Amino acid sequence: MITITLPDGSKREYESGVTVEEVTRDISEGLNRASVGAVFNDQVVGKLEPLTEDGDFKVVKFEDPEGKEIFWHTSAHLMAYAVERLFPEAKFAIGPAIDNGFYYDIDLDHRFSDEDLEKIEKEMKKIVKEKLPLEREVLTRKDALDFFKEKNEKYKIELIEDLPEDSIITIYKLGDFVDLCRGPHLKDVRNIKAIKLTSVAGAYWRGDEKNKMLQRIYGITFEKKKQLDEYLERLEEAAKRDHRKLGRELGLFTMHEEGPGFPFFHPNGMIIRNELEQFWRKKQEEHGYGEIKTPIILNEELWHRSGHWDHYQDNMYFTKIDGENYAIKPMNCPGSILVYKSNMHSYRDFPLKLSEFGQVHRHELSGALHGLFRVRTFTQDDAHIFMLPSQIKEEVIKLIDLADDLYSTFGFPYSIELSTRPEDSMGTDEQWNTAIDALKEALEAKGIEYTINEGDGAFYGPKIDYHLEDAIGRTWQCGTIQLDFQMPERFDLTYIDEHGEKARPVMLHRALLGSMERFMGILIEHFAGKFPLWLSPRQVEIIPISEKFADYAKEITEKLKNKGFRVHLDGRSEKVGYKIREAQLKKINYMVIVGQKEVENNTISLRTRGGEEIGDLKLESFIERLEEEIANKTIDEEQ
């Protein structure tokens, strides 16, 4: 017998091997009909899976994140089955659920077109009407190899061959389609009612550019058509906010084939970037950080010492200087450590906070590059805090407060993940457990809810990751706080303790904007290019009704410029309506209209970006409004 513990703490006993569906049905027949699977001992499981040990059991529906994972994973199999029906020569690689739907990587000489996607969608709907069940089967490694060799599925064979000899392997059957898969899955496909295949992209097998380029079909499914319609509306809104499109239109940045993955910032983009840096630099100064600048290129030996050579080499760029090997830095921490080592330190110096707007370079596959979101060079708002072990909790709490201050400035709600030890890591179990517990204690001391992201920490330590939610509900992984016992040891960092003895400090890595480039991309999409006044490249447009009011318009322009505002005078002989529409397209915060009445009354007429009109306003009152809005970093509600 096994004991199942429900969320309310109640316990039920079942025979070992009872399925998720049987347990759910025993709780409630109605709950079983509405459910798609469960979470058992922190693992997402489908209805078909047997339970063979005691554990905590929570039923999930489609609206739960775990429910979407089950639903969309099954949808990937449904799509693959449709592709196999239409293109029998296709070979299948992997097909996981992702944050917004699913994909499947397919090896096929035929290039998929939009028309093909429509045909595949139609075939998927046809399969759904057949109400086919999914069947789960357990095989030995040898039997699984024999099966997929007979089907000539080379990608499945390669995956199985990488598994240990004694592996127990599961396969799932949907009609005639059989896939190597651990699950989780729905019981059947009948509730996959709304289907949309969204795009096709190239993807190297196993993410290695030395391997064959496969075709990746992306899709999304829902239980109801209304849910799909709402999703497509959000997609349309996201397309309007695409930072690559707005970046070109607003003169912020461009990408060029002469430097793939290396953004070119234009004057308007540099205004935003500089304002962000100045704001964040001042905030860090207030919190006791000293700013440093370290070299972009450092020798190979340093990267061996730091561990990057063993754990990060594939993402690095290299060069030779005077016959010696050097690396272009992918991270700023070794440089900051060398600054620390240049002086002796006492326990009285701690915490020692060093900040750096440090440019790094990391190799990304060309197919993964995406505007400012995935680039090959970016500037991190890095900081490294050297401290006593006894100061860990206090300093992490200070960083949590600093992060909250930062993200609230831009109106971002956020969620937090605690990422734990990855497989490829340095250090002992004791060090990792101590570090993870320290981060947990700080989060719990602040009363902050968080989720555990198993195995996604940095190779040198666990981390707190921030996921920002933008104006249309999308989430973006952004800031990170990483606790590190490894680097101080590898670089033999020391300080003189209160007993006059040498001791080892602890190190925190922190980047809360994350990268200037990615954060700017997020801001562009969050605000749809309608930046708060303090960030706007052009804050005010002066529009005279005709040339005879040009002198008064110039006078206003100069007064505003002298106050430090970013102002432009549109003196063209165009109609006022045309000038206003053009200023609105450029997302300028305010338009100042001047004509006969304004000249006579020594006033201005004001029009906001959102369409509000204010007439007969004194310039001094407008200046006060601008100054207050900038000081408060006010966010427009109409973003």
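Position 1 is the first residue of the sequence; numbering continues from there. Since this is a predicted model, take the numbers as computed values, not measurements.
With ring centers used as reference points, Phe102 lies 6.0 Å or more from His73. Ring pair Trp476/Phe373: centre-to-centre distance below 6.0 Å. In summary, the aromatic rings of Phe459 and Tyr312 are positioned with their centroids too far apart to meet the 6.0 Å limit. Here Trp432 and Phe485 keep their ring centres 6.0 angstrom or further from each other.
In this model, no donor atom of one side chain and acceptor atom of the other lie less than 3.5 Å apart for Glu417 and Gln477. Residues Asn100 and Tyr218 have side chains that never bring a donor and an acceptor to within less than 3.5 angstrom of each other. For the residue pair Arg241 and His526, no side-chain donor N or O sits within less than 3.5 Å of a side-chain acceptor on the partner. Side-chain polar atoms of Arg273 and Thr379 form a donor-acceptor pair below 3.5 angstrom. There is no side-chain donor-acceptor pair under 3.5 Å between Ser419 and Lys463. Asn632 and Thr634 are not linked by any side-chain donor-acceptor pair at a separation below 3.5 angstrom, with hydrogens and angles left out of the test. Side-chain contact annotation: Asp484 with His509, donor-acceptor N/O pair under 3.5 Å present. Donor-acceptor pairing under 3.5 Å is lacking for the side chains of Thr475 and His467. In this structure, a donor-acceptor pair under 3.5 Å is absent between the side chains of Gln284 and Glu291. Glu469 and Ser415 form no side-chain donor-acceptor contact under 3.5 Å, judged by distance and modelled atom types alone. For the residue pair Glu49 and Thr19, no side-chain donor N or O sits within less than 3.5 Å of a side-chain acceptor on the partner. No hydrogens or angles considered: a donor-acceptor pair under 3.5 Å links the side chains of Lys329 and Thr294. Between Tyr14 and Asp26, the side chains place a donor N or O and an acceptor N or O closer than 3.5 Å (distance only, hydrogens not considered).
The heavy-atom pair separating Trp303 from Leu298 by the smallest distance is NE1-O, 3.2 Å. Considering all non-hydrogen atoms of both residues, Pro334 and His308 come closest at CG-CE1, 4.0 Å. Between Gly17 and Pro50, the shortest heavy-atom contact is O-CB, 3.6 Å. Taking both residues in full, the closest heavy atoms of Tyr172 and Gly183 are given as CE1-N, 3.7 Å, listed atom of the first, atom of the second, then distance. In terms of heavy atoms, Tyr104 sits closest to Ile94 at CD2-O, 3.2 Å. Nearest heavy-atom pair, Gly411 versus Ile635, reported as atom, atom and distance to 0.1 Å: N-CD1, 3.5 Å.
Under a 3.5 Å cut-off, the side chain of Asp42 and the backbone N or O of Ile452 do not form any donor-acceptor pair. Side chain of Asn453 to main chain of Leu418: no donor-acceptor pair is present (N/O by atom type, distance under 3.5 Å, no hydrogens or angles).
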For residues 344-355, which side-chain donor-acceptor pairs fall under 3.5 Å, sequence neighbours excluded?
residue	atom	partner	partner atom	Å
His345	NE2	Tyr340	O	2.8
His345	NE2	Asn343	O	3.4
Ser346	OG	Arg348	N	3.0
Asp349	OD2	Ser346	N	2.8
Lys353	NZ	His287	O	3.2

Side-chain polar contacts of residues 441-451 - donor-acceptor pairs under 3.5 angstrom, sequence neighbours left out - could you list them?
residue	atom	partner	partner atom	Å
Glu444	OE2	Tyr450	OH	2.8
Lys446	NZ	Asp401	OD1	2.8

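Looking at Glu356 and Lys293, no side-chain N of the basic residue comes within less than 4.0 Å of a carboxylate O on the acidic one, giving no salt bridge. Between Asp429 and Arg421 there is a salt bridge, since at least one side-chain N of the basic residue sits less than 4.0 Å from a carboxylate O of the acidic one. Salt bridge annotation for Arg374-Glu364: present, with a cationic side-chain nitrogen under 4.0 angstrom from a carboxylate oxygen. Lys398 has a carboxylate O that lies under 4.0 Å from a charged side-chain N of Glu395, or vice versa, which qualifies the two as a salt bridge. Between Glu285 and Arg281 there is no salt bridge, since no side-chain N of the basic residue sits under 4.0 Å from a carboxylate O of the acidic one.
Side-chain contact check for Phe62 versus Asp64: every heavy-atom pair is 4.5 Å or farther apart. Put simply, the side chain of Leu235 does not reach to within 4.5 Å of the side chain of Glu230, judged on heavy atoms. Side-chain contact between Ile337 and His384 is absent, with no heavy-atom pair separated by less than 4.5 Å.
For the atom pair Phe357 CZ and Gln380 CD, the distance stands at 12.0 Å (nearest 0.5 Å). Separating the CZ atom in Phe71 from the CD atom in Glu63 is a distance of 11.5 Å, to the nearest 0.5 Å.
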Run the numbers on Thr24 and Phe57 for side-chain contact (heavy atoms from CB on, under 4.5 Å), then give the verdict. CA-CA 9 Å; Thr24 308; Phe57 184 91; 3.7 Å; yes
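Cation-pi geometry between Lys58 and Phe40 is not satisfied (NZ or CZ under 6.0 Å from the ring centre, within 45° of the ring normal). The cationic atom of Arg510 (NZ for Lys, CZ for Arg) lies less than 6.0 Å from the six-membered ring centre of Tyr289 and within 45° of the ring axis.
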